[in-house]
Each structure stands twice: as structure tokens, then as C-alpha cells.
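Whatever order the structure lists ligands and atoms in, that order sets their numbers, starting from 1.
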Amino acid sequence: MTPDPQVISDYLDRTRWFGGKGRPYAVTDVRTVAQLPDGPPLVVIHLVEVAYTDPEGGTELYQVPLSFYEHPKHRLDHAFVGWWEDAQHGWVHAYDALHDRDAMALWQRAFASAADGETSAPPLVFHRLPGHDLDLEAHSTLFSGEQSNSSVAFGEDALMKVFRKVTPGLNPDIEIHEALTRSECSNIAALYGWLEAADDDGEPLQLAMIQQFLRTATDGWDLALASVRSLYADPEVHAHDSGGDFAGEANRLGEALREVHERLREQFPTGSTDTAQLAATMTQRLESAVGAVPELAEHADRLRALFARVAGLGSLDVQRVHGDLHLGQTLRTSLAWKLVDFEGEPVKPLAERRLPDSPWRDVAGMLRSFDYAPRVVERSLGTSDDTDAALVATRAEEWAERNKNHFLTAYAGGGLSEAEHTLLDAYVADKAVYESVYETRNRPSWVVIPLQAVARIGA
Ligand SMILES: Nc1ncnc2c1ncn2[C@@H]1O[C@H](COP(=O)(O)OP(=O)(O)O)[C@@H](O)[C@H]1O
Ligand SMILES: O=P(O)(O)O[C@H]1O[C@H](CO)[C@@H](O[C@H]2O[C@H](CO)[C@@H](O)[C@H](O)[C@H]2O)[C@H](O)[C@H]1O
């Protein structure tokens with residue numbers, strides 16, 4: 001049933017989640033990991049090796065589960081991958097299994113049969129945590145948003161995330177969700193289970209996780225944008241008097257992050273690191289970012305000076321953190337704020353994303369997000385006569401500062417020391433540098449947002 005590499009390559013180019021779009025590459029291997037138990041349909045999980053042919057080079061593995069049918073399935077036309085003749089099965093029609101309800105039911109049944117332990121369908125092992133019975137009547141629906149993985153909801157019962165880019169070793173999203181679920185942390189969606197195989201060297205290949213579906217939750221980013229829009233609707237009114245004021249939510253977000261950090265400190269080893277090493281890493285990231293975003297050059301000296309001050313701080317406490325926190329990684333339920341997606345920064349190698357880091361990295365990520373929200377809405381307003389651009393810019397600044405302050409006060413519970421201020425400023429600068437590269441590659445018209453932030457640092 002192994003597909004032709006060209007068929008897979010054509011398919012990768014059509015997906016949202018393939019991370020190599022825009023880079024020259026070749027599919028160098030398509031291997032079968034396993035067949036899901038209890039078909040039909042016949043569902044086979046493949047691992048596709050992609051080798052980049054640009055100077056950066058490197059290889060990546062992508063997970064592609066396919067469902068196979070003897071005859072075309074028109075209900076799955078939108079998920080068609082290809083058709084070919086197979087020695088054992090004759091002509092087969094292959095579809096992306098994530099779109100196929102009958103295929104998704106196989107994952108669901110296998111997870112259900114693992115009850116509160118594990119079930120093995122070699123080489124696949126389905127793991128479960130106690131505390132939740134999966135609803136086998138619930139139908140699957142694939143999420144349609146911009147994602148680096150693929151998420152499928154089972155009715156209102158559960159959400160399964162199939163990891164697309166797979167690296168041998170423990171996946172931090174599963175690892176952290178497991179630890180926080182076992183410690184009954186209320187600021188995450190509880191983990192129900194995960195699917196694992198092993199590579200030829202015995203390293204785990206973690207392929208998917210299934211967790212609580214926060215069906216009624218609203219994305220923190222969307223809530224923040226709604227608050228900003230309500231402020232701009234009447235820019236004469238100050239942020240603190242606006243009906244859509246976000247400060248209470250910013251407060252609760254700060255408390256939620258403090259709680260999650262405390263739990264992570266309890267559940268994983270902590271340590272300390274030399275700030276000279278941290279400063280060197282930040283400086284190095286800046287130098288390579290200047291190559292990709294030349295507009296950073298005029299601010300580089302101020303950032304280098306800031307990182308040099310960090311080098312002089314001595315040592316720094318580190319622990320497991322979220323690693324890529326922003327408002328889009330937060331969900332508001334009627335009861336609490338939940339943090340999602342503990343995979344860390346997508347550009348970093350897996351081993352690096354599992355290393356202890358400073359909690360200030362997550363705090364800085366949120367501060368940057370409070371800066372983004374008002375600027376994104378500001379940019380969408382246009383230049384009609386009835387928009388007072390200067391007043392809106394003042395309100396944008398006000399909204400950002402107000403929510404940053406509330407978030408930070410709730411998180412840190414009081415004033416920061418001078419060393420903490422320096423560290424936080426450096427993490428904010430490092431994140432804005434990262435964002436300048438991210439926006440240049442993904443949303444060039446937004447690069448001005450992090451560049452303006454960089455211009456303000458230390459000015
Ligand atoms: N448990 C959950 N319940 C409901 N929605 C969720 C849950 N976890 C994540 N989401 C939403 O699903 C989308 C993708 O989640 P995310 O974990 O960020 O995926 P990816 O790793 O592909 O970026 C986001 O919009 C997020 O808000
Ligand atoms: O969600 P991901 O883990 O894929 O994170 C990447 O994409 C984010 C954008 O979706 C990007 O976040 C940046 O834009 C956000 C607004 O869209 C803003 O709230 C964040 O503060 C800003 O960093 C993130 O940096 C990137 O890693």
C-alpha cells in the first residue's frame with residue numbers, strides 16, 4: 001500500500017500543515033508505521049521523510065495516515081491523495097484519513113479499549129489516563145483553522161491532535177499535559193491519552209494525543225481583539241472606561257500562568273543556568289535575524305547592550321515552561337483560562353524545547369501579545385475621515401500598557417527587582433526579534449508590529 005513519493009509530495013504541497021512550503025525539497029522515503037486495528041476501512045499510518053535541497057538543508061519526518069478504498073469515495077473527494085495499483089489489493093484509492101469519519105472511529109475505538117491503562121496493536125501502543133470514558137457514539141469533525149498539526153473533535157466529548165511533524169523522543173505537548181493532568185491542574189484541558197510507536201532505535205515516536213474538548217471555550221486572541229474593537233468604536237473613551245475593558249481577563253491570565261508555572265516546578269526538575277550563556281544565545285539569534293530582516297540592523301546595538309547586561313546577572317532559575325505562549329494559546333471557558341499547545345517554539349529542535357527555561361520567557365510572550373492585539377486592529381481600520389488616527393494610536397498604547405500591567409502584577413504579585421526587569425526586557429526583545437523573522441516569512445505586512453516594538457526597547 002506504500003504510495004509513490006511523488007503522489008505524497010503533491011499532497012504535502014496542498015496541505016495547510018506542511019512546514020516546508022516555499023522551500024525546495026524531495027520526498028526521500030515513505031515508510032509504513034502500522035495499520036490501525038479493527039478496520040475496515042483499511043487505515044495505514046505512514047511516515048514521510050522530506051529532505052530539503054536549499055543551503056539550509058536538513059530532513060524532517062511527517063505523519064500521513066491514509067484510508068484506502070477499492071472504489072472512489074466521493075464524500076472524501078476533498079481529501080483525495082491518489083490512486084494506484086497495489087500487488088496485494090489491486091487498485092486502491094487513498095484519502096487523508098483525518099477527514100474520514102469511518103477511519104477516525106478506529107482511533108477512537110482503540111483509545112476506548114485502552115480504558116485506563118494501555119492497549120497494544122504492535123507497533124502501536126494506545127495509552128490512557130484514568131478519569132474519563134470516551135463516548136463512542138460521538139462523530140469526528142476535523143478542525144479547519146491554520147494549524148501546524150491536525151485536530152479532530154469527537155462530538156463534544158474529546159479532541160484528538162495528530163502530530164504532523166514527528167521527531168523521535170518525547171513530545172513536550174504530551175509530556176506536560178500528562179504531568180499537569182495527573183496533578184489536577186485546572187488551567188489546561190485534561191489529557192485522556194496518547195498514541196505511541198517506536199523507531200528502529202527504540203526511540204518513542206509519539207503520534208497523537210486525545211484530550212478534553214473545551215467546546216464552549218473562546219480563544220483569548222479573539223476576545224482581546226473584540227475588546228480592542230469596542231475601544232476603537234468610541235476612541236474618545238479611555239481604555240479603563242471602555243465597556244469591553246480586558247483588564248480583569250488580563251489579571252486572570254496572569255494568575256493562570258502563575259499557577260501553571262508553580263505546577264510545572266512541582267512536576268519537573270528545576271535548576272539554574274548561567275546568564276552569560278542565555279545572553280550569548282539571544283545575541284546569536286539577533287545576529288542571524290539581522291540577516292533575514294535587514295530593518296533590525298539599526299536597533300541591533302541597543303539590543304546587544306541589553307543582552308550584555310543580562311550576561312552580567314550571574315545565574316538564573318530555570319524550569320519547564322510553555323515556550324511559545326501568546327493569546328492564541330489561551331482559551332477562556334466559563335470557569336477558567338486554559339493554556340494549550342505545550343509544544344514550544346516550532347522552529348526549535350525537539351530536544352531544545354524540552355530543556356528547562358526561564359518562566360520570564362512565557363511572561364514576555366504574553367506581553368508581546370498584548371502589544372500585538374491593538375496594533376493588528378489599528379492596521380485594519382483604514383484611513384476614513386471619521387477615524388482619528390492619532391487618537392486611536394493613543395488608545396492602542398493605552399490598551400497595551402493597561403493589560404500588560406494587570407497581567408504582570410497578577411503574575412508576579414508586586415514589584416519586580418532591577419535584575420528581573422532586565423531579564424524580562426531581554427526576553428521581550430528576543431521574542432520581538434523572533435517575531436520579526438516569523439512575520440517576514442509568513443505575514444510580511446505585519447512585520448512592522450514587532451519592528452516598532454524593537455524600536456521602543458531601550459530607546
Ligand atoms: N482542548 C481544546 N478544546 C478546544 N479547542 C482547543 C483545545 N486545544 C486546542 N484548541 C484549539 O485548537 C486549535 C489548534 O490547537 P493547537 O494546540 O494550538 O494546535 P497546533 O499544535 O496545530 O498549533 C487552536 O485554535 C486552539 O485554540
Ligand atoms: O501558534 P504557533 O505556535 O504556531 O505560533 C506561531 O504563530 C503565531 C501566530 O499565529 C505567532 O504569534 C505572533 O502573532 C500573534 C497574533 O497572531 C501574537 O498574539 C503573538 O504575540 C505573536 O508572537 C508566534 O510567534 C509563532 O511562534
Side-chain angles (χ1 to χ4, degrees), residues 15-19 63 98 132 141-166 171-174 176-177 180-181 187-192 208-225 228 253 322-333 336-348 353 361-377 379-380 400 403-404 407 427-428 430-443 445-447 449-450 453-454:
T15 67
R16 283 169 186 264
W17 44 261
F18 176 47
Q63 180 181 188
L98 279 289
H132 180 79
T141 312
L142 179 63
F143 272 26
S144 58
E146 281 294 338
Q147 269 190 263
S148 40
N149 298 296
S150 295
S151 297
V152 173
F154 290 105
E156 303 188 357
D157 178 53
L159 186 73
M160 183 169 101
K161 173 145 90 169
V162 170
F163 296 105
R164 289 299 191 166
K165 193 165 116 188
V166 176
N171 181 311
D173 213 5
I174 296 177
I176 289 186
H177 270 109
L180 294 185
T181 301
N187 298 110
I188 54 143
L191 184 70
Y192 295 159
M209 69 181 203
I210 186 161
Q211 66 179 149
Q212 180 185 15
F213 179 31
L214 306 169
R215 190 185 56 84
T216 58
T218 313
D219 192 280
W221 175 248
D222 292 338
L223 282 177
L225 294 188
V228 174
L253 273 166
H322 182 285
D324 188 23
L325 194 58
H326 53 85
L327 281 161
Q329 308 281 35
T330 66
L331 288 173
R332 179 74 164 101
T333 69
W337 278 100
K338 311 270 183 172
L339 308 191
V340 302
D341 195 1
F342 286 81
E343 265 202 299
E345 254 177 32
V347 293
K348 285 187 180 162
R353 289 190 260 135
R361 184 181 294 286
D362 289 345
V363 176
M366 289 300 293
L367 298 187
R368 288 293 310 123
S369 222
F370 286 124
D371 193 60
Y372 255 76
R375 322 281 172 200
V376 166
V377 182
R379 293 173 53 71
S380 71
N403 291 298
K404 284 185 210 178
F407 171 80
Y427 274 110
V428 167
D430 182 61
K431 183 74 183 180
V433 166
Y434 163 86
E435 288 165 347
S436 305
V437 178
Y438 176 87
E439 299 299 0
T440 300
R441 292 198 175 136
N442 295 283
R443 307 179 288 202
S445 67
W446 282 21
V447 69
I449 298 174
V454 167

### Message
Could you tell me, atom by atom, which parts of ligand 1 come under 4.0 Å of a heavy atom of Asp219?
### Response
27 (O)
### Query
So, does Glu439 use its side chain to make a donor-acceptor pair with the main chain of Val447 at under 3.5 Å?
no
### Query
Among protein heavy atoms, which lies nearest atom 14 (C) of ligand 1, and at what distance?
Gln147 NE2, 3.3 Å
### Query
Who's the nearest protein heavy-atom neighbour of atom 1 (N) of ligand 1, and how far?
Gln212 O, 2.8 Å
### Query
Nearest heavy-atom pair of Lys404 and Phe370: which atoms, and what distance?
CG-CB, 3.8 Å
### Message
Contact between ligand 2 and Gln329 is defined here as a heavy atom of the residue under 4.0 Å from a ligand atom; is it met?
### Response
yes
### Summary
If you scan protein heavy atoms around atom 10 (N) of ligand 1, the nearest is Leu331 CD1, 3.9 Å
#### Entry: Heteroatom proximity flag, Ser148 to ligand 2, N/O under 3.5 Å
no
### Task
Could you see which bit of Arg375 sits under 4.0 Å from ligand 2, with heavy atoms only: side chain, backbone, both or neither?
neither
#### Entry: Sub-4.0 Å heavy-atom contact, Ser148 with ligand 1
yes
### Query
Against heavy atoms of Ala189, which atoms of ligand 1 measure under 4.0 Å?
1 (N)
#### Entry: Residue pair Leu98 / Leu142: nearest heavy atoms and the distance that separates them
O-CB, 4.0 Å
### Query
Taking both backbone and side-chain atoms of Phe213, is any N or O found less than 3.5 Å from an N or O belonging to ligand 1?
no
### Query
Say you draw a straight line from CH2 of Trp446 to OG of Ser436; how long is it, rounded to the nearest 0.5 Å?
14.0 Å
### Query
In the protein, what heavy atom is nearest to atom 11 (C) of ligand 1, and what distance, to one decimal place, separates them?
Phe143 CE2, 3.9 Å
### Query
Any donor and acceptor pair, going by atom type alone, linking the side chain of Arg215 with main-chain N or O of Glu156 inside 3.5 Å?
no
### Query
Any protein heavy atom under 4.0 Å from atom 7 (C) of ligand 1?
yes
### Query
Sub-3.5 Å donor-acceptor pair from the side chain of Asp219 to the main-chain atoms of Thr330, do we have one?
no
### Message
Just verifying a value: how many Å separate Asn171 CG and His177 NE2, rounded to the nearest 0.5 Å?
### Response
10.5 Å
### Query
Which protein heavy atom lies closest to atom 19 (O) of ligand 2, and at what distance to 0.1 Å?
Ser369 OG, 2.6 Å
#### Entry: Test item: Glu343 side-chain N/O and Asp173 main-chain N/O as donor-acceptor pair under 3.5 Å
no
### Query
Which pair of heavy atoms, one from Arg368 and one from Pro450, lies closest together, and at what distance?
NH2-CA, 3.6 Å
### Task
Could you grab the distance from atom CZ of Phe407 to atom CG of Leu253, nearest 0.5 Å is fine?
6.5 Å
#### Entry: Heteroatom proximity flag, Glu345 to ligand 2, N/O under 3.5 Å
no
#### Entry: ligand 1 atoms in contact with Gln211 (distance to a heavy atom under 4.0 Å)
1 (N), 8 (N)
### Task
State, to 0.1 Å, how close Ser369 and Trp221 come at their nearest heavy-atom pair, and which atoms those are.
O-CZ3, 4.1 Å
#### Entry: Lys431 touching ligand 2 at heavy-atom level, < 4.0 angstrom
yes
### Task
Considering only non-hydrogen protein atoms, determine which one is nearest to atom 5 (O) of ligand 2 and report residue, atom name and distance to 0.1 Å.
Asp324 OD2, 3.2 Å
### Query
Should Ser151 be counted as touching ligand 1, given the test is an N or O pair under 3.5 Å?
no
### Under 3.5 Å: N/O of Asn149 near N/O of ligand 1
yes
### Leu159: numbered ligand 1 atoms lying under 4.0 Å from its heavy atoms
1 (N), 2 (C), 3 (N), 6 (C), 7 (C), 8 (N)
### Query
Are Gln329 and ligand 1 in contact, using a heavy-atom cut-off of under 4.0 Å?
yes
### Task
Closest by any non-hydrogen atom to atom 10 (O) of ligand 2: pick that one out of Phe370, Trp446, Trp221, Tyr438.
Tyr438
### Query
Of all the non-hydrogen atoms in the protein, which one sits nearest to atom 23 (O) of ligand 2, and at what distance?
Glu435 OE2, 2.6 Å
### Query
At what distance is the nearest protein heavy atom to atom 26 (C) of ligand 2, and which residue and atom is it?
Tyr434 OH, 3.5 Å
### Message
Which label fits His132 and Tyr192: parallel for a plane angle under 30°, tilted from 30 to 60°, or perpendicular past 60°?
### Response
parallel
### Task
For atom 3 (N) of ligand 1, grab the closest protein heavy atom and report residue, atom and distance to one decimal in Å.
Leu214 N, 2.9 Å
### Query
Among protein heavy atoms, which sits nearest to atom 26 (C) of ligand 1, and what does the distance come to when rounded to 0.1 Å?
Val340 CG2, 4.3 Å
### Message
Under 3.5 Å between any N/O of Asp341 and any N/O of ligand 1: does that happen in this structure?
### Response
yes
### Message
With rounding to the nearest 0.5 angstrom, report the CZ to CG distance, Arg361 to Asp324.
### Response
9.5 Å
### Message
Contact between ligand 2 and His322 is defined here as a heavy atom of the residue under 4.0 Å from a ligand atom; is it met?
### Response
no
### Ala373 versus Leu225, closest heavy-atom pair with distance
O-CD2, 3.8 Å
### Task
Nearest 0.5 Å please: distance from the CE atom of Met366 over to the NE2 atom of His322.
9.5 Å
### Query
For residues Arg164 and Ser150, is any side-chain donor paired with an opposing acceptor at under 3.5 Å?
yes
### Task
Starting from atom 14 (O) of ligand 2, locate the nearest protein heavy atom and write down its residue, its atom name and how far away it is, to 0.1 Å.
Arg443 NH2, 2.9 Å
### Which residue and heavy atom of the protein sit nearest atom 17 (O) of ligand 1, plus the separation
Lys161 NZ, 2.7 Å
### Query
Tell me, which protein residue and heavy-atom name are nearest atom 4 (O) of ligand 2, and how many Å apart are they?
Pro346 CG, 4.4 Å
### Query
Got more than 12 heavy atoms from elsewhere within 6.0 Å of CZ, Arg379?
yes
### Task
Consider every N or O of His326 and every N or O of ligand 2, then say whether any pair is closer than 3.5 Å.
yes
### Message
Nearest 0.5 Å, please: how far is CG in Leu180 from CG in Asn187?
### Response
9.0 Å
